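In this chain, numbering begins with 1 at the start of the sequence shown. Nothing here was measured: the structure is a model prediction, and the numbers come from that model. Every heavy atom of this structure was used, including side-chain atoms; hydrogens, water molecules and symmetry mates were not.
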Amino acid sequence: MSQTEKNQLDWLSTVAKNSKETPELVKEVLSRHNIRQSPNIGNPRRLIISRIQFSGTKSGNYTDVFNFDFKNLESGLWGVISDRNLRGKTSVLEIVRWLLRGKSSSKLQDGVKNWISDASLEFLIDKKNYKVYLAQTSQRFLGNLVEYLDESQPREISRFASEDEFETCMSDFMMRQLSLDVTSAWRTSKDKDEEGSPVFHDWSALSGVLFICGNYDALFGDILVDGLNNRIMNMYLGLPWIPTLSALKTTQKKLQEKENFLANKGNLEQRRKQERRTQIENELAQYRASLEQLPSDVDMRRDLARANKGYRQAMQNSSQLDNELYSAKQSHEEIFRLLQQDKRDLQNFREAEAASAFFKRLEPTCCPHCQKSISDNRRQLEMIDHSCSICGETITDSEDIDIIEMDLKNRLEASSKAFEESEHLVSTKEKQKREIESQVSTYEIECKRLEEQTSSFEKRYELEKRITGLEYLLGEYQDNPTPQESEKNDLGIDSKIIDAAIKETKNRVDNLQKDLLEEVSTKIQEYATSFGMTSITSVSLTSHPHLRLIKDGLQTTYSRCTKGEQLRLKIASIIALISIAEKRGIGRHPGILLIDSPKAEEMVEEDVDHLVGGLLKLTKDLPHIQIILAATSSESILRYLDEDHRKYAQGDSYLW
């Protein structure tokens with residue numbers, strides 16, 4: 001049996017002994033709650049950023065094309081510096097955070113993020129070279145993560161085509177590479193009648209300890225909820241059993257909440273049961289009374305069928321009359337046009353005859369056009385063959401005129417008669433249309449009235465269905481005891497085993513944690529002093545974690561310090577954690593720290609000088625550490641940061 005197997009057996013045996021249950025049952029309970037043993041001590045993996053590159057085009061007030069490239073980085077202190085504010089310092093660190101986490105923070109403005117067309121971060125983990133690259137437009141987002149076995153031979157580890165995939169890619173990679181474990185917590189529901197749910201924190205949350213960018217509420221990382229501050233500290237210290245303890249405490253809260261939920265439910269169940277039974281009985285009485293008042297549907301359904309039939313027939317007649325009325329109106333219009341034409345023809349004829357009678361009485365002696373005299377011969381021919389002596393056209397006889405006039409009169413009389421008949425037909429059809437529309441309306445009203453009455457039979461069916469359901473529910477409700485005692489017993493056994501496991505696991509953690517925290521506390525004070533905080537004479541880091549201080553001879557805490565003091569204490573605490581873990585050969589912190597705008601926290605120049613000088617000394621004492629500082633320039637910052645260790649935007653210049 002290996003030592004690891006022996007340690008696992010010892011832990012399980014101890015938990016079984018303390019819970020007074022068999023090891024087999026302990027294993028079954030732990031497995032059911034997805035709790036795994038994590039006895040291994042963390043071994044630190046070193047992360048070094050070697051190059052930061054991004055490019056794109058600004059929009060808005062500026063439309064510059066930019067290409068930021070900070071390369072040849074290694075361990076030590078590095079700076080992103082500008083003489084003025086709002087020159088892109090914070091954005092550089094936020095882009096690094098975006099590329100390292102796979103998820104941008106709220107401090108990376110959407111506008112700035114959208115300017116970037118491509119970005120990459122080259123880094124080393126224990127001297128292995130990696131590069132994460134992304135390219136984006138308004139339509140697409142894609143990238144990949146590769147390992148460089150040598151300069152010309154990249155091996156793709158993963159690729160992504162969305163921001164969600166990017167976050168998953170970096171989280172999975174970093175959690176495995178840095179030997180980190182997902183930490184869990186239990187969140188209670190705001191609704192007391194609902195159970196809570198577990199939450200899980202991975203690289204997106206655990207990476208917060210690498211960035212000091214304006215949020216100093218939490219001593220380690222940037223999240224205070226879910227006990228994450230404590231778990232981050234212990235995980236990065238490299239303590240064994242931390243994931244196990246985290247999962248056990250989450251399960252403990254879940255079981256406690258479930259037990260409380262069942263207990264409250266049990267206390268209220270009898271009263272609720274009686275109230276519900278009374279409610280069901282009252283509803284049954286109401287439904288039965290309503291059912292008795294509803295009429296039979298035989299006659300009503302027969303009347304509705306007859307009304308529907310009449311309505312359909314009336315609608316058919318109405319449609320037929322529409323067609324007939326349309327045809328009658330079309331014919332009426334045609335006859336009207338014919339009548340008008342006959343009237344015009346008769347009128348024109350009479351006017352023409354009147355004019356002809358006038359001109360016939362004239363005796364022209366010459367042509368009115370050329371004034372040539374009419375010969376006697378032509379006059380005689382006019383009298384013989386009735387042809388005009390001037391033009392030669394036949395002159396109509398009065399007897400023919402009478403015949404034509406009589407024909408025109410007959411045509412007018414016939415068209416007038418036809419018009420009167422068509423007008424009468426249209427009037428008749430319109431009257432019939434009004435009558436049939438009245439029938440349709442009458443049938444429609446009758447159908448609606450009968451349908452409304454018939455709906456009562458749907459109500460009858462619905463009432464009968466509800467009565468049946470309530471009768472069944474009443475019987476089931478009376479026979480169903482809740483909560484079941486077996487569920488309570490199972491929870492009790494699980495809770496007993498989980499409590500015993502927490503006690504044993506916490507003992508193992510505490511035995512290692514106590515000495516480590518004492519050493520870390522000493523280092524925090526040492527580093528805080530090097531950062532200019534000489535008024536602090538005592539520091540004590542608790543397991544919660546809280547930072548207790550003696551400052552100016554008085555007891556105080558981290559949360560009561562100024563923002564500038566919190567910044568320096570937070571930096572000192574993280575580096576102290578790294579330092580002690582390095583000394584012990586344990587830990588999981590990758591040894592990189594990104595610090596944004598320390599001068600923004602109302603630190604005087606002397607404090608800035610102490611801080612930057614102290615950070616530089618620390619990187620020499622701990623040669624594997626890399627610190628990237630974003631700040632406005634000052635004499636001390638420029639003095640401590642060589643030109644080849646900084647990106648510097650002088651005057652009104654921008655970093656990118």
| request: Please tell me if the side chains of W115 and W656 come closer than 4.5 Å, counting only heavy atoms from C-beta onward. | output: yes
| task | Verify, without hydrogens or angle tests, whether S82 (side chain) and R87 (backbone) share a donor-acceptor contact under 3.5 angstrom. | result | no
| field | Heavy-atom pair of closest approach, residues P240 and P39 | value | CB-O, 3.1 Å
| task | Could you walk me through whether D164 and T168 pass the side-chain contact (heavy atoms from CB on, under 4.5 Å) test, one step at a time? | result | CA-CA 6 Å; D164 287 340; T168 301; 5.5 Å; no
| Donor-acceptor pair, E167 side chain versus R101 backbone, under 3.5 Å? | no
| field | Stepwise side chain to side chain donor-acceptor pair (under 3.5 Å) test for S38 and T244 | value | CA-CA 6 Å; S38 56; T244 302; 2.8 Å; yes
| task | Taking only Lys NZ, Arg NE, NH1 and NH2, and the carboxylate oxygens of Asp or Glu, determine whether D226 and R231 approach each other closer than 4.0 Å. | result | no
| Under the criterion side chain to side chain contact (heavy atoms under 4.5 Å, CB included), which of L622, T619, I580 is the partner of I575? | L622
| message | Can you tell me how the ring of F70 sits relative to the ring of W78, calling it parallel under 30°, perpendicular over 60° and tilted otherwise? | response | perpendicular
| said: Other residues, nucleotides and ligands only: do more than 12 of their heavy atoms fall within 6.0 Å of CZ on R639? | reply: yes
| Heavy-atom distance under 4.5 Å between the side chains of L255 and T251, does that happen here? | yes
| remark: Between A581 and G587, the two heavy atoms sitting closest are CB-CA, 3.8 Å
| request: Would you check if the side chain of D118 reaches a backbone N or O of A135 as a donor-acceptor pair within less than 3.5 Å? | output: no
| said: For F531 and L615: C-alpha separation, side-chain torsions, deciding distance, then whether side-chain contact (heavy atoms from CB on, under 4.5 Å) applies. | reply: CA-CA 8 Å; F531 296 159; L615 290 174; 3.9 Å; yes
| Does the Q525 side chain pair with the main chain of T537, one donor and one acceptor, at a distance under 3.5 Å? | yes
| field | Pairwise distance CD1(I524) to CZ(R568) - rounded to 0.5 angstrom | value | 15.0 Å
| field | Heavy-atom check, side chain of N507 versus side chain of K503, under 4.5 Å | value | yes
| Distance from S246 atom OG to D181 atom CG, nearest 0.5 Å? | 9.5 Å
| task | Carefully, step by step, assess M233 and L541 under the rule side-chain contact (heavy atoms from CB on, under 4.5 Å). | result | CA-CA 11 Å; M233 179 189 74; L541 178 63; 3.8 Å; yes
| request: Identify the heavy atoms of F141 and Q136 that sit nearest to each other, and give their distance. | output: CD1-OE1, 3.7 Å
| query | Counting only heavy atoms not in E606, do more than 12 fall under 6.0 Å of its CD? | reply | no
| Spacing of NZ belonging to K506 relative to CG belonging to D510, to within rounding of 0.5 Å | 3.5 Å
| Working for side chain to side chain donor-acceptor pair (under 3.5 Å), residues N114 and Q109 | CA-CA 9 Å; N114 290 334; Q109 300 177 35; over 6 Å; no
| field | Expected output: side-chain R646 to main-chain L641 donor-acceptor under 3.5 Å | value | yes
| said: Any heavy-atom pair between the side chains of I574 and I578 that's under 4.5 Å? | reply: yes
| Salt-bridge criterion met for K89 and D596 (N-O under 4.0 Å) | no
| request: Quick one: closest heavy-atom pair of S75 and P623, and the distance? | output: OG-O, 2.9 Å
| Is D217 reaching over with its side chain to a backbone N or O of D222, donor-acceptor style, under 3.5 angstrom? | no
| task | Give a yes or no on whether a salt bridge exists between R97 and E94, defined as a side-chain N under 4.0 angstrom from a carboxylate O. | result | yes
| Can any side-chain N or O of S579 pair as donor or acceptor with the backbone N or O of A576 at less than 3.5 Å? | no
| said: Does anything in residues 519-547 form a salt bridge (Lys or Arg N to Asp or Glu O under 4.0 Å)? List the pairs, not counting sequence neighbours. | reply: E519-K583, E519-R584, K523-E526
| Partner set under ring pair (Phe, Tyr, Trp, His ring centres under 6.0 Å) for H624, not counting sequence neighbours | none
| Rounded distance [0.5 Å steps], CD1 in I41 versus CZ in R588 | 9.0 Å
| message | For the CD atom on Q555, are there more than 12 heavy atoms of other groups (residues, nucleotides or ligands in this structure) within a distance under 6.0 Å? | response | no
| message | With a 6.0 Å cut-off (strictly less than), is the heavy-atom count around NZ of K620, excluding the residue itself, greater than 12? | response | no
| Main-chain N/O of L100 paired to W203 side chain as donor or acceptor, under 3.5 Å | yes
| said: Taking NZ in K113 as the centre, count heavy atoms belonging to other residues, nucleotides or ligands within less than 6.0 Å. Is the count above 12? | reply: yes
| How about L577 and F220: do any of their side-chain heavy atoms sit closer than 4.5 Å? | yes
| Pairwise distance CG(L594) to CG(L210) - rounded to 0.5 angstrom | 7.5 Å
| Checking S633 side chain against I81 main chain: does a donor-acceptor pair fall under 3.5 Å? | no
| query | How long is the span from the NE2 atom in H546 to the CG atom in L219, to the nearest 0.5 Å? | reply | 10.5 Å
| query | Closest approach of W241 and T505, non-hydrogen atoms and distance? | reply | CB-CG2, 3.6 Å
| pair E605-S636: side-chain heavy atoms closer than 4.5 Å | yes
| said: Could you tell me if the side chain of P590 sits less than 4.5 Å from the side chain of I125, heavy atoms only? | reply: no
| Can R176 and D172 be counted as an ion pair, charged N to O under 4.0 angstrom? | yes
| task | Decide yes or no for Y133 and V146: does some side-chain heavy atom of the first lie under 4.5 Å from some side-chain heavy atom of the second? | result | no
| query | How about N67: does its CG atom have over 12 heavy atoms from other parts shown lying under 6.0 Å from it? | reply | yes
| Under 30°, 30 to 60°, or over 60°: which ring-plane class applies to W98 and F166, parallel, tilted or perpendicular? | perpendicular
| message | Once ring pair (Phe, Tyr, Trp, His ring centres under 6.0 Å) is applied, do any residues pair with Y640, and if so which ones, sequence neighbours excluded? | response | none
| Should the heavy atoms of other residues, nucleotides or ligands under 6.0 Å from CZ of R155 be counted, would the total exceed 12? | yes
| message | Go through it in stages, so that I can follow the logic: the residues are E122 and N129, the test is side chain to side chain donor-acceptor pair (under 3.5 Å), and I'd like the CA-CA distance, side-chain angles, deciding distance and then a yes or no. | response | CA-CA 7 Å; E122 296 179 22; N129 290 287; over 6 Å; no
| task | Kindly indicate, with the supporting measurements, whether the criterion side-chain contact (heavy atoms from CB on, under 4.5 Å) is fulfilled by I586 and L237. | result | CA-CA 7 Å; I586 60 175; L237 271 173; 5.7 Å; no
| Given Y558 and S573, is the side chain to side chain donor-acceptor pair (under 3.5 Å) satisfied, shown in steps? | CA-CA 11 Å; Y558 170 80; S573 298; over 6 Å; no
| Taking the side chain from N230 and the backbone from H544, do they hold a donor-acceptor pair closer than 3.5 Å? | yes
| query | Any chance the rings of Y654 and F66 have centres within less than 6.0 Å? | reply | no
| query | Do NZ/NE/NH1/NH2 and the carboxylate oxygens of K253 and E257 come within less than 4.0 Å? | reply | no
